[in-house]
Each structure stands twice: as C-alpha cells, then as structure tokens.
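Input: a single structure, listed below in structure tokens.
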Number of protein chains: 2
Amino acid sequence: MPKPTFFNLPEEKRNLIFHHALLEFAQFPYEQASLSAIVSRAAIAKGSMYQYFADKKDLYKYVVQEVYQKKREFLQPVWDQKEKVNFFELASLYYQRSWHFARQYPLYHQVTVNFWDSRDAAVREEILRKKEIRITEFSDMLELGLLSGVVTPEADKDAVWFVYHAVAKALIDNFLDTSVNAESHEAYINSVLTVLERGLRPRKE
Amino acid sequence: MPKPTFFNLPEEKRNLIFHHALLEFAQFPYEQASLSAIVSRAAIAKGSMYQYFADKKDLYKYVVQEVYQKKREFLQPVWDQKEKVNFFELASLYYQRSWHFARQYPLYHQVTVNFWDSRDAAVREEILRKKEIRITEFSDMLELGLLSGVVTPEADKDAVWFVYHAVAKALIDNFLDTSVNAESHEAYINSVLTVLERGLRPRKE
DNA sequence: TCCCTATGTGACCGCGTGGTCACATTAGTG
DNA sequence: CACTAATGTGACCACGCGGTCACATAGGGA
C-alpha cells in the first residue's frame, strides 16, 4: 500500500499519478507495464514515485484495489435488487451492468481484464481471493433461485457456478469490442443467458 | 518460418531445440519468454539460433504451429465419430479428448494456453484465424444436432457457440490443475455439459 | 535569519534482453 | 591435399528495465 507521503499529496497530484498508472496497467499486464513510462508521462521524477510507493508492485496493488472498489460500488445497485427479482433476472442485470461499467470506464475495465490474466505469484493469490468472493456472491444468488423453485433442483451447483463464471469471463473479454453498439450487445447478453436458462435439449411443453 | 538451415539439421538437434523452446513458451507467454534462456538451456550458441530462425517471433510461430498440428492429430478420432454420435455425445468426446491431450502433453497444452492469451498484434491475428476454424468446426457439429432434432431449434446459434466456446476455454484453463484425478475430472466435464444440455429452468416432463 | 524536516529530482547502477558480426570450424568435392 | 561453401560461436551492442542515492528545494516555527 502507498506510503503516507502519497496521501499528504494534493488531490490533483494524486489523481495525476493514479491516472497515468491506470493508463499503463490498462494497456499492459503487470509484468510488461513500465514504471519508467508512467513517471515520464506523468512528468514525475522516478525518485518521487519511490517516495509514494515501495515498488512497482505496491503501485500496481493500489491501482487494482481502487479499480475493484469502483467496480464494486458500480455493481451495488444490482445486489440491492437481490430480494426483488429472480435468479435469471438478477444474472441479466449483473451482466448488463458489468457491461455498462466497461463502457463507462474502459480503463478501469481493462485493468481488471489484465489483472485476471496475470501470472505473477503474489497477484494470483489476490485473484484467488477475489474469485472466492465471487463464488460466495454467486452461490447466494443460486441458492435463492433454488429455494424459490425458479432453478431446477437437479442442477449440480458446482457445475452451474463453473458455467456461469466461464460465460461471465468470456462476456467480459467481449466487452472490449467497441465496434458493437450498446443495444445489440445487451440483446446478445440476453441470448447467451437464454441458452443457459433453457439449455439445448428440446422441451416438450 | 524456419530457415532451410534448420531442416538440414540432424533430427536429434532439431528436437533438442524444439524441446527447449517448448519448455520456455510453456512456462512464459511470448513477450516474457527469453531466447537467451532457450539457447543456454539447449547448450546452443545464440548465433546458431539465428541461423535457423529469423528472430524470436519466427521461432515462436514455428513452435505454435507444431503444437497445434499435434493437437489436431490428437483430436482427429473425435471428428471421425461425427456421423455416429449425437451433438451432446460429440461435445463430451471432444472435451474428454482435449483433457487427455493436456494430460499427455502438458507442455504442448500450456503453449496453447499461453498462445490464446497473447497480446502481440501479429500473434492475435493468428489467434483469430484459429478461432475461425473452431467456429466452423463447431457450427458443423451444431448444425447436425439441429437437423437430427437433438438440439432445440429455438436456440440462437451464435449464442450457443459463444457459450460452448467460453466453457471450453474455462475447462481448458482448469486442465492445468493436476491435483484433480482423471476420473473425477471426466465426471466434472460431464456435469458441466449436462448444465448446458438441460439448462437451469425446471422441466415438467 | 537560521534550522530542521519533509519532499522533489534525475543521473546513475546492475541487469537481462533481442539481435549482430567477425571469425573459427566443419563437411563436401575435385 | 586444397579450396569452397555452409554452419557454429560467443563476445559484444544498444536498449530499457526497476530501483537507488546524494543532493536540491521548500515550508513552517523559533
């Protein structure tokens, strides 16, 4: 985490540093991101950076933390609906809002994508922690779906989690494709979720 | 592609070079892989390497090409079953055999994983080409499923492709986890495929 | 004004990288 | 044996990296 010196800085300068770090970590995964590039673009002496952060990883952790806090806040309205809508509607809301987050804060979004693919050992531990949080959140959702009868009790809960997590990650990767307009992407998300909801086997109803 | 000199080499030396390149590209993504490390471990002079390949990327492309050729050959028996089994059985066979490939040739497998996550522009083009091939193969499978009536005609074909591809990629990432034994992983693959086959909405049958 | 502490700075360090090149070695041919 | 062409070699190059440190600057209290 940043040294106290960093928080003594005027807000404007803090934002400047954060912004350029965000730019770099959005463009490159941790290992390939260049601290020299960050300080040069932010017009900060490299020595100064080491007054604020212990090292490159310290800066990276700080950026990732801020990014995920922003995303959590952004997704809060979805969780507030938890009691009001069913499992499938909630999943749809969740993916739609994640998509809006990626649209609205593409740099933040790209940092999460790079973070998720990281190979660094210490970073991977952090990833596992975040994954645990997601599993818990999702399990809660699924449990509600099962209790209310909207989700079939036959479903293997681990497998369901696996599928939804896989699809969520793939959808997120697709968020990057800016050639797709908002409406059609929302429709696409719903098509994908329909496949999961209904399955592929024909129904006789 | 390799220079002619490379193919003039005795097979043993070619294999030596390939093996150590494989090791490196299995451990690191292209950008982080070290050519110096490859030549030093293979006990080859660095200058020699540049007699065989134009540059680092040339070597990488060759390794990736060889890896995918091996994988294609390995999966051929699955495609040979195309006319004999239905869509869901074929999907199961496909994932099972991919899993066996990862088990049997972990280095080859890891190279494909790293390849798929690469950020290099030229490499990404190659990825898109391979993705196209997969889409075609899968569309064929799905078309057969639709024609034979085993897959519901309501399904949005693009969305189905998306879901299966996402799940395939996630399963592949999971192949790395060697703590899971073979039988339980095969069972897990089938649980996941069952979720896709049946969906999550309860059935009244 | 002086002093002390906190902060800013950029030249510099050691290192590993991908790539080169002048030269040594080998193999094939007459 | 001698000549030629192909192949092997590793010291070397320029570069960019993360990180350091001796020193410059600024600001508040006595």
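Order of the sequence lines fixes the chain letters, A, B, ..., with proteins taken first and strands second; residue numbering starts at 1 for each chain. Below, each value reflects all heavy atoms present in this structure, side chains not excepted, and no hydrogens, waters or symmetry copies.
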> What are the residues of residues 4-28 of chain B, sorted by number, that bring a heavy atom to within less than 4.0 Å of DNA chain C?
Replying inline: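 Output list: empty, so none.
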>> Once side-chain hydrogen bond (donor to acceptor under 3.5 Å, both in side chains) is applied, what residue pairs with a partner in residues 127-138 of chain B remain, sequence neighbours excluded?
In response: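 Non-adjacent pairs meeting side-chain hydrogen bond (donor to acceptor under 3.5 Å, both in side chains): B:Glu126-B:Arg129.
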Protein-nucleotide distance ([X], atom [atom1]; [N], atom [atom2]), rounded to Å:
X: A:Gln51; N: C:dT5; atom1: CD; atom2: C1'; result: 12 Å
X: B:Met49; N: C:dT20; atom1: CE; atom2: P; result: 15 Å
X: B:Asp120; N: C:dG18; atom1: CG; atom2: C1'; result: 14 Å

> Could you state the interatomic distance from NE2 (B:His185) to OH (B:Tyr95), rounded to the nearest 0.5 Å?
Replying inline: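 Taking NE2 in B:His185 and OH in B:Tyr95, the distance rounds to 12.5 Å.
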>> Just verifying a value: how many Å separate B:Leu9 CG and B:Phe18 CZ, rounded to the nearest 0.5 Å?
In response: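 Rounded to the nearest 0.5 Å, the CG-CZ separation comes to 14.5 Å.
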> Are A:Asn190 and A:Glu186 linked by a side-chain donor-acceptor pair shorter than 3.5 Å?
Replying inline: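 No.
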> B:Glu73 and B:Gln69: side-chain donor and acceptor closer than 3.5 Å?
Replying inline: yes
> Could you run down nucleotides 14-21 of chain D 5' to 3' and tag each one B, S or - for protein heavy-atom contact under 4.0 Å?
Replying inline: ---SBBBB
>> Check this for me, if you would: do B:Asp117 and B:Lys169 make a salt bridge, where the nitrogen-to-carboxylate-oxygen distance has to be below 4.0 angstrom?
In response: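 Salt bridge flag = yes for B:Lys169 with B:Asp117.
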> Do NZ/NE/NH1/NH2 and the carboxylate oxygens of B:Lys84 and B:Glu89 come within less than 4.0 Å?
Replying inline: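 No, no charged N to carboxylate O under 4.0 Å.
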>> Taking 4.0 Å as the cut-off, does a side-chain nitrogen or oxygen of B:Tyr52 come that near to OP1 or OP2 on D:dT7?
In response: no
>> Does the structure place the NZ or CZ of A:Lys3 under 6.0 Å from the centre of the six-membered ring of A:Phe53, at an angle of no more than 45° from the ring's axis?
In response: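 Checked: cation-pi criterion not met.
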